[in-house]
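A quick note: this is a predicted structure, and the numbers were derived from the prediction, not measured. Whatever order the structure lists ligands and atoms in, that order sets their numbers, starting from 1.
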Amino acid sequence: RDGCVSDSSDSVISSGSDAEGHVHKVVLLGEHGVGKSSLARIFGGVEDAHDSEEAGNTYDRSVIVDEEEASILLYDIWEQDNSQWLKEQCMRMGDAYIIVYSVTDKASFEKASELRIQLRRARQSENIPIILVGNKSDLVRSREVSVEEGRACAVVFDCKFIETSASLHHNVQDLFEGIVRQIRLRKDSKEQ
Ligand code: GDP
Ligand code: MG
């Protein structure tokens with residue numbers, strides 16, 4: 001099977017926990033309008049449900065990555081309400097984080113750095129997997145953040161980096177496979 005195809009649907013098989021009964025909580029962070037819900041719906045296989053401004057959603061999916069099943073609970077709840085309590089919950093609850101900005105919006109890129117710093121503060125000694133995502137890579141002419149800037153930021157903040165286009169499904173499967181691999185790497189290094 002080609003592991004690099006950008007359509008997520010073929011790796012989505014069922015919901016439930018993995019072989020060890022483990023469910024990995026992955027939390028989406030990022031400014032309004034960057035594409036968090038679009039990415040989440042692709043992961044959840046429900047992208048045809050129109051672009052509604054639903055308050056918040058959680059997607060429960062098992063995916064096969066490197067011939068091994070992983071169970072993911074993806075939380076798209078960062079903007080569910082404006083309470084400080086929810087933001088703090090989000091910062092605490094994740095086993096892994098996807099911090100999204102839009103490559104067409106410099107302010108959202110700056111916000112992503114801020115979120116990374118907040119996350120580090122909230123989870124000081126923990127080595128949690130984080131992927132920085134520059135979404136909307138299809139909007140070439142309105143790009144405000146270069147690939148190099150994104151990559152450099154990820155180096156500074158010690159996290160992984162990928163550019164995606166939710167509209168074109170570009171790199172979306174790679175993103176979710178990447179987060180599973182990151183979770184496994186951290187878990188393996190803890191067990192040694
Ligand atoms: P959220 O506020 O972070 O959840 O962002 P949404 O997923 O609601 O997306 C905000 C808007 O950006 C919607 O109109 C989406 O259709 C659009 N959008 C999301 N991802 C992309 C993308 O990769 N490319 C383009 N061109 N538009 C996108
Ligand atoms: Mg949303």
Visitor: Got a second to check how far N171's CG is from F176's CZ, nearest 0.5 Å?
Guide: 11.5 Å
Visitor: Under 3.5 Å between any N/O of S37 and any N/O of ligand 1: does that happen in this structure?
Guide: yes
Visitor: Where on L139 is there a heavy atom closer than 4.0 Å to ligand 1, on the side chain, on the backbone, on both, or on neither?
Guide: side chain
Visitor: Need the ligand 1 atom indices (1-based, order shown) with element for anything under 4.0 Å from a heavy-atom of E31.
Guide: 3 (O)
Visitor: Look at the rings of Y101 and F161 and say which category their plane angle falls in: under 30° parallel, 30 to 60° tilted, over 60° perpendicular.
Guide: parallel
Visitor: Regarding atom 24 (N) of ligand 1: of the candidates D138, L29, L168, V100, which has the closest heavy atom?
Guide: D138
Visitor: So, do Y59 and F43 have ring centers that fall under 6.0 Å from each other?
Guide: no
Visitor: Establish, from distance only, whether the side-chain atoms of D76 and S37 form a donor-acceptor pair under 3.5 Å.
Guide: yes
Visitor: Taking both backbone and side-chain atoms into account, decide whether S38 has an N/O/S atom under 2.8 Å from the Mg ion (ligand 2).
Guide: no
Visitor: T164 to ligand 1: N or O pair under 3.5 Å?
Guide: no
Visitor: Return yes when G30 approaches ligand 1 closer than 4.0 angstrom through a heavy atom, no otherwise.
Guide: no
Visitor: Which atoms of ligand 1 are found less than 4.0 Å from any heavy atom of H32?
Guide: 2 (O)
Visitor: Taking atom types as modelled, is there a side-chain donor on E177 or Q173 under 3.5 Å from an acceptor on the other?
Guide: yes
Visitor: When only distance counts, is R41 in polar contact with ligand 1, meaning an N/O pair under 3.5 Å?
Guide: no
Visitor: Check E79 against ligand 1 and report side chain, backbone, both or neither, counting heavy atoms closer than 4.0 Å.
Guide: side chain
Visitor: Would you check if E114 and I117 make a side-chain contact, meaning some heavy-atom pair closer than 4.5 Å?
Guide: no
Visitor: Give a yes-or-no answer on whether the side chains of E110 and S113 include a donor-acceptor pair shorter than 3.5 Å.
Guide: no
